[in-house]
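Since the structure comes first, as structure tokens, the remarks are kept for the end.
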Amino acid sequence: MRSRVALLVALGIDNFGSGLFLPLGLVFVIRVVGLPLVQAGAAVTLGALAGLLVPAFAGRLVDLIGARTVMICAHVLQAAGVSAFLLADGFVGVVCASVMLASGQQLFYSSQFSLIADVAGEGPKDRPFAEAAMVRSAGFGLGGLAAAGLLVWIGREGLYVAVMVDVATFVVAAAILSTLVTPVQRCPRRLSGPARVWRNRPYLALIVFSGLFALTMDFFLIGMPVYVFNALHGPRWLPGAIIALLTVVTSLGGVVGLRLTRRLTRIAAMRTGSALFAVWCLACLLVVFVPKVFQPVYLLAATLVLAAGDLAFGPRSGALAEAAAPPEARGRYLAAFQYAFTLAAVIAPAVVALFSVAVWIPWVLVAACACAAVVGLGRVGPRLPAEAVSPTGG
């Protein structure tokens with residue numbers, strides 16, 4: 001229990017720092033380093049693309065040296081990357097800092113599922129994953145609020161504060177993991193040949209359909225402000241209120257969501273979540289028919305549908321991915337599973353850009369992806385291990 005609590009504390013501190021700096025990263029490069037917007041965006045994007053290479057070998061490290069060690073290294077690398085932004089004085093410096101930060105982030109994401117499972121020990125991992133998601137969501141949301149406060153109260157100097165605090169959070173999280181977290185269940189230290197995850201078609205399908213879930217969430221985060229401001233000409237406070245509502249619900253409702261879906265198999269819960277995502281897309285598209293004065297309340301209500309889908313899908317997908325992975329290659333399988341979220345983050349901006357073509361296209365596209373997940377998950381479920389789909393036999 002001590003290790004589980006310590007891990008949750010470390011995850012909360014880590015995500016507070018990320019919520020503090022990540023929204024301000026591009027602003028820091030522009031205002032402090034002094035790069036123009038085009039160069040700043042290109043430098044940060046190059047770093048993010050370099051990070052895509054990390055999960056390919058991170059899983060092997062997890063299986064070889066253990067998830068806790070890999071996550072500690074991830075925190076150290078992220079601290080170094082954020083610190084490098086303070087030393088950057090041009091395009092090359094920003095690219096190097098972005099590469100280190102993005103690589104550390106991908107190393108973290110590629111090991112987090114394995115470490116949560118290691119600390120949780122035997123048995124279904126739905127609740128540990130739900131608890132971790134709740135803490136991470138709360139930490140990131142609080143960090144985002146702190147970032148907004150720094151800009152309002154301190155201004156440009158607040159950017160330096162955000163960087164230094166973010167570095168401190170990574171160092172503290174690494175210290176907690178190294179001293180207070182002891183895995184109950186350890187991955188094998190001896191690699192038993194190739195993982196062959198890319199030949200496991202049902203598992204690849206699970207990655208794809210989980211990626212459609214991640215695409216919906218990433219589209220929401222970056223697309224909703226664009227939709228509210230450009231298409232609806234809504235009030236400035238509305239996107240922040242919508243995101244804050246989602247953060248509050250997902251921070252508090254993870255365990256409740258598990259209880260409400262306890263009679264469903266993992267696949268059934270994920271299909272329910274995907275169906276709710278499609279309903280959310282349709283509701284947001286239809287907001288144009290709502291009187292303008294009621295549109296903010298309407299969109300806030302629609303966000304509750306998205307939150308319900310997130311609570312139904314999120315913890316179950318991680319638990320299913322962990323349970324369906326062969327024990328001797330779990331680190332490599334879960335690192336491959338991370339590509340569901342990594343590639344979604346790359347694709348989402350392109351989907352949002354389709355608002356410039358027609359306002360309905362992104363909503364229809366994301367809804368179609370959610371419907372594809374409903375159908376696809378129904379077909380792949382019987383091909384996954386039965387004990388992974390329904391750990392209690394029901």
Are side-chain heavy atoms of Met270 and Leu206 found at a separation under 4.5 Å?
yes
Linking I/L/V/M/F/W/Y whenever any side-chain heavy atoms sit under 4.5 Å apart, do Met224 and Ile361 land together?
yes
Would the distance check show the side chain of Ser390 and the main-chain N or O of Glu387 forming a donor-acceptor pair, the cut-off being under 3.5 Å?
no
Donor-acceptor pair, side chain of Ser317 and main chain of Gly314, under 3.5 angstrom:
yes
What one should report as the nearest heavy-atom pair of Ala79 and Ser83 is O-OG, 2.8 Å
Quick one, Phe16 with Phe140, criterion ring pair (Phe, Tyr, Trp, His ring centres under 6.0 Å). Give me CA distance, side-chain angles, the key distance, then yes/no.
CA-CA 5 Å; Phe16 174 82; Phe140 195 90; 10.0 Å; no
Let me confirm one number: the OG1-CE distance from Thr247 to Met134, rounded to the nearest 0.5 Å.
13.0 Å
In Å and rounded to the nearest 0.5 Å, what is the SG to CG distance from Cys96 to Leu87?
11.0 Å
Do the side chains of Phe213 and Val380 join up, straight or via other hydrophobic residues, at under 4.5 Å, putting them in one cluster?
yes
Looking only at side-chain N and O atoms, does Arg316 offer a donor or acceptor that is under 3.5 Å from a partner on Thr261?
yes
For a quick test of reading the model, state the closest non-hydrogen atom pair linking Ala117 to Lys125 and the distance between them.
O-CE, 3.5 Å
Show your reasoning for whether side chain to side chain contact (heavy atoms under 4.5 Å, CB included) applies to Leu221 and Met217.
CA-CA 6 Å; Leu221 290 173; Met217 299 307 297; 5.6 Å; no
Where do Gly331 and Asp63 come nearest, in terms of heavy atoms and distance?
N-OD1, 2.7 Å
Please determine whether a side-chain nitrogen of the Lys or Arg among Arg266 and Asp126 lies less than 4.0 Å from a carboxylate oxygen of the Asp or Glu.
yes
Between the main-chain N or O of Val352 and the side-chain N or O of Tyr227, is there a donor-acceptor pair closer than 3.5 Å?
no
Working for side chain to side chain contact (heavy atoms under 4.5 Å, CB included), residues Thr303 and Tyr298:
CA-CA 9 Å; Thr303 303; Tyr298 177 90; over 6 Å; no
Quick check: do Glu322 and Phe129 have side-chain heavy atoms less than 4.5 Å from each other?
yes
hydrophobic_cluster_shared for Val305 and Leu252, side chain cutoff 4.5 Å:
no
For the pair Thr169 (side chain) and Asp166 (backbone), establish whether a donor and an acceptor sit closer than 3.5 Å, ignoring hydrogens and angles.
yes
Could you pull out the closest heavy-atom pair between Leu212 and Ala372, with the gap in Å?
CD1-CB, 4.3 Å
Does the side chain of Ser98 come within less than 4.5 Å of Val95's, by heavy atoms?
no
Can you find a pair of side-chain heavy atoms, one from Pro202 and one from Asn200, that are under 4.5 Å apart?
yes
Testing the 3.5 Å rule here: is there a donor-acceptor pair between the side chains of Ser137 and Ser251?
yes
Any side-chain heavy-atom pair from Val249 and Leu245 closer than 4.5 angstrom?
yes
Main chain of Ala373, side chain of Arg271: is a donor-acceptor contact present, judged purely on distance under 3.5 Å?
no
Give the cluster check for Leu115 versus Val135: same hydrophobic cluster or not, with ILVMFWY residues linked at side-chain heavy-atom distances below 4.5 Å.
no
4.5 Å side-chain heavy-atom contact, Phe170 and Ser18:
yes
Under 3.5 Å: donor-acceptor pair, side chain of Ser178, backbone of Ala175
yes
For the CE atom of Met71 and the CG atom of Leu61, what is their distance to the nearest 0.5 Å?
13.5 Å
Phe219 ring center within less than 6.0 Å of Trp363 ring center
yes
State plainly whether one hydrophobic cluster holds both Tyr333 and Val389, where clusters connect Ile, Leu, Val, Met, Phe, Trp and Tyr through side-chain heavy atoms under 4.5 angstrom apart.
yes
Run Leu246 and Phe220 through side chain to side chain contact (heavy atoms under 4.5 Å, CB included) and show every step you take.
CA-CA 10 Å; Leu246 178 72; Phe220 164 78; 3.2 Å; yes
Would you kindly say whether Ser110 and Gln106 are connected by a side-chain donor-acceptor distance under 3.5 Å?
no
Drop me the distance from Met164's CE to Leu20's CG, to the nearest 0.5 angstrom.
10.5 Å
Distance-only, no hydrogens or angles: does the Gln295 side chain make a donor-acceptor pair with backbone N or O of Val290 under 3.5 Å?
yes
Can you tell me if Asp218 uses its side chain to pair, donor with acceptor, with the backbone of Ala345 under 3.5 Å?
yes
Between the main-chain N or O of Ala10 and the side-chain N or O of Asp14, is there a donor-acceptor pair closer than 3.5 Å?
no
Of all the heavy-atom pairs spanning Leu101 and Leu22, show the shortest one and how long it is.
CD2-CD2, 4.3 Å
Sub-3.5 Å donor-acceptor pair from the side chain of Arg60 to the main-chain atoms of Ala56, do we have one?
no
Can you tell me how far the CZ atom of Phe355 sits from the CZ atom of Phe229, to the nearest 0.5 Å?
13.0 Å
With the side chain counted from C-beta on, respond yes when Val62 and Leu334 share a heavy-atom pair under 4.5 Å apart, and no when they do not.
no
Please test Leu276 against Leu306 for side chain to side chain contact (heavy atoms under 4.5 Å, CB included), starting from the C-alpha separation and ending with a verdict.
CA-CA 6 Å; Leu276 289 172; Leu306 178 72; over 6 Å; no
Are Phe337 and Phe341 close enough that their ring centers fall under 6.0 Å?
yes
Under 4.5 Å between any side-chain heavy atoms of Phe91 and Leu46, yes or no?
yes
Ser3 versus Leu180, closest heavy-atom pair with distance
OG-O, 3.6 Å
Roughly how far apart are Phe209 CZ and Ser274 OG, rounded to 0.5 Å?
9.5 Å
